[in-house]
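Each remark here refers to the structure printed beneath this line.
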Amino acid sequence: MKTVNRRQWLQSSVTAAAGFPFLMNVRQTRAPLSGTDELRLNSNENPHGPSQKVLDAISASMSKGNLYPWSDKEVLRQHLSNFEGMPLDHIYIGAGSTEILQVAAMAFGLQRGKVVSCYPTFPVLMQKAADFSAEWLKLDLKDHHYDLQTLADHCDDKTSMVYICNPNNPTGTRLDAGELKQFAREISKRTMVFVDEAYIEFSEDGLATSLASMVRDEPNIIVARTFSKIYGMAGLRIGYAYAHPDTLMTMRKHRIGYGMNVPMTSLRAAMAALDDQDFVAYCRKENNKARDIACAAFKEWEVHYVPSHTSFIYFKHDRFHGNLQKQLHARNILIRTYRDQPEYSRVSIGTVEQMEMFVDACQKFLG
Ligand SMILES: Cc1ncc(COP(=O)(O)O)c(C=O)c1O
């Protein structure tokens, strides 16, 4: 494990608190600058990654850094095609799925003016579309779950795109695959449907519940995935999307860097990651174990939390006294809060040991 052990962490926590009280007060939890002494349970990073095979592939590719990565991108597309039986011309590779969300927002978010999503969800696509003056229609989740009927009822001739995050960030809930497929088949006759599957590998049945195979027959469906989450490669900035070649052509007009924005090291790392499905299985197993630790504590403390199919848990912090996020932050544990969802926090799943630290720390603030 590359993380600090419990004693080192406690020591560094005390030292940091004593030496840098000013820094500790002003640091934001969203994007800490240095991760060496912080327990980062705020950005859904995978504490196990990257795998050793990925690290080896990166090392081996460094000496080829004088070459443009054209052919590496093609080789990765071939890998993805073999991995999931997707035709090569249905595959887009981007600098993380953030790039894919943004180019889709620019390509389709503007056309008829309205982008529809449930809320709360991962906002990047809609925010980018709104930057370009599209209207973002937010429909409340029902009891933290998607309500496909309400989404369908709000898609009209002004809707250019519907965004679905499955499983959803930040609630960790997921849709029934059959119902989602039926919804996507129907709605994509009227508008573009973007399905963000950033966490799908963590969920039970994983990729078997994906909508990827639909893009072969339905030109108005985009499925986006990332190497940032289960593969533990968030810092390497690589993701991919599946869609009809015409849809991808429209998206490519908005990309930055003429298709060369993903470095060779990351492309080769992604190939090694795909070939290492044992590591994926390991991460899923460890994630479940560590998630169970937090859920068991929440249950015992009667903390309301939403059962999660992902690498994070959305929970209500009213059983804790004071400001839980700030108090954990003072102990170098970062969690995520939301200005517009003031009753809830989100904790990312770390290692088993890290979740024990999180539980120990939270216990001190139980009301
Ligand atoms: C639902 C969802 N989609 C996309 C992303 C973006 O991931 P990346 O750009 O690292 O691939 C995230 C990151 O947290 C996410 O939660």
Side-chain angles (χ1 to χ4, degrees), residues 68-77 80-81 86-117 121-138 155 157-166 169 184 187-198 210-212 214-216 218-229 233-264 266-267 270:
Y68 286 112
W70 298 118
S71 58
D72 298 281
K73 206 166 197 179
E74 290 319 304
V75 180
L76 176 58
R77 271 149 57 103
L80 282 164
S81 173
M86 189 63 63
L88 282 173
D89 59 359
H90 284 57
I91 304 172
Y92 180 103
I93 293 164
S97 49
T98 298
E99 175 194 326
I100 294 158
L101 291 158
Q102 293 205 353
V103 294
M106 289 189 266
F108 301 104
L110 298 171
Q111 288 175 357
R112 273 166 288 158
K114 198 165 65 175
V115 180
V116 181
S117 83
T121 193
F122 191 68
V124 164
L125 187 150
M126 288 71 72
Q127 281 170 346
K128 182 50 77 180
D131 283 348
F132 286 85
S133 73
E135 181 196 345
W136 176 7
L137 180 64
K138 294 178 186 174
C155 288
D157 57 4
K158 293 211 173 61
T159 305
S160 53
M161 184 172 262
V162 176
Y163 171 81
I164 306 269
C165 187
N166 189 46
N169 180 8
I187 297 298
S188 67
K189 291 184 182 129
R190 292 188 253 156
T191 188
M192 193 60 72
V193 177
F194 190 108
V195 187
D196 184 340
E197 297 185 347
S210 170
L211 263 59
M214 292 184 80
V215 307
R216 288 157 159 266
E218 311 287 348
N220 284 347
I221 297 178
I222 303 167
V223 173
R225 304 236 190 92
T226 180
F227 285 94
S228 297
K229 304 299 176 183
M233 294 163 51
L236 297 172
R237 309 306 307 131
I238 181 156
Y240 58 101
Y242 297 141
H244 188 275
D246 293 345
T247 302
L248 295 184
M249 185 75 83
T250 309
M251 284 165 58
R252 281 194 186 98
K253 288 180 189 154
H254 298 271
R255 72 189 165 177
I256 289 170
Y258 205 53
M260 282 193 298
N261 55 348
V262 184
M264 173 198 286
S266 301
L267 292 163

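All residue numbers refer to positions in the sequence shown, counting from 1.
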- prompt: Ignoring hydrogens and geometry, is there a side-chain-to-backbone donor-acceptor pair from N220 to S188 under 3.5 Å?
  reply: yes

field: Whether D89 side chain and P245 backbone form a donor-acceptor pair below 3.5 Å
entry: no

query: Where do M86 and V215 land on the side-chain contact (heavy atoms from CB on, under 4.5 Å) test, with the steps shown first?
result: CA-CA 9 Å; M86 189 63 63; V215 307; 3.7 Å; yes

message: Parallel, tilted or perpendicular: which one describes the rings of Y258 and W70, with boundaries at 30° and 60°?
response: perpendicular

field: A95 to V262 - nearest heavy-atom pair and separation
entry: N-CG2, 3.6 Å

- prompt: Atom NZ in K128, atom NE2 in H254: separation rounded to 0.5 Å?
  reply: 12.0 Å

query: In Å and rounded to the nearest 0.5 Å, what is the CG to CG distance from N166 to L211?
result: 8.0 Å

message: Please give me the minimum heavy-atom distance between A134 and G109, naming the atom from each residue.
response: CB-O, 3.0 Å

- prompt: Of the non-hydrogen atoms in L267 and K73, which two are nearest, and what is the gap between them?
  reply: CD1-N, 3.8 Å

- prompt: Does any N or O in the side chain of S160 come within less than 3.5 Å of the main-chain N or O of K114, such that one atom is a donor and the other an acceptor?
  reply: yes

- request: Identify the heavy atoms of V116 and T159 that sit nearest to each other, and give their distance.
  value: CG2-CG2, 3.7 Å

query: Going from CZ on F227 to CG on L236, what distance comes out if it is rounded to the nearest 0.5 angstrom?
result: 10.5 Å

message: Please find the pair of heavy atoms, one from C155 and one from I187, that lie closest to each other, and give the distance.
response: SG-CG2, 4.1 Å

task: May I have the step-by-step check of side-chain contact (heavy atoms from CB on, under 4.5 Å) for R77 and Y240, ending in yes or no?
output: CA-CA 9 Å; R77 271 149 57 103; Y240 58 101; over 6 Å; no

Greater than 12 external heavy atoms within 6.0 Å of M249's CE: no

statement: Rounded to the nearest 0.5 Å, the NE2 atom of H90 sits from the CG atom of D246 at a distance of 9.0 Å

task: Evaluate whether atom CG of L88 has more than 12 neighbouring non-hydrogen atoms of other residues, nucleotides or ligands under 6.0 angstrom away.
output: yes

task: Can you measure from CG (D157) to CZ (R190) and round to the nearest 0.5 angstrom?
output: 10.0 Å

Donor-acceptor contact below 3.5 Å, side chain T247 vs main chain P219: yes

message: Using modelled atom types and a 3.5 Å cut-off, is there a donor and acceptor pairing between side-chain atoms of T226 and backbone atoms of A198?
response: no

Side chain to side chain donor-acceptor pair (under 3.5 Å) partner of Y92, chosen from R252, R255, E99: E99

- prompt: Are the side chains of I222 and Y242 in touch, meaning some heavy atoms are under 4.5 Å apart?
  reply: no

message: So which atom in A212 and which in E197 form the shortest heavy-atom distance, rounded to 0.1 Å?
response: N-OE2, 4.5 Å

Minimum side-chain heavy-atom gap M233-S266 below 4.5 Å: no

Let me have the donor-acceptor pairs involving side chains of residues 101-108, under 3.5 Å, with sequence neighbours excluded, atom names and distances please.
none

field: Student check: side-chain heavy atoms of V195 and M214 closer than 4.5 Å
entry: no

query: Below 4.5 Å, heavy atoms only, C-beta onward: do L76 and I238 meet side chain to side chain?
result: yes

message: Within the 4.5 Å heavy-atom criterion, are R225 and I100 side-chain neighbours or not?
response: no

- request: State, yes or no, whether a side-chain contact exists between T121 and Y163 at a heavy-atom distance under 4.5 Å.
  value: yes

query: How many angstroms lie between atom OG1 of T191 and atom CE of M161, to the nearest 0.5 angstrom?
result: 7.5 Å

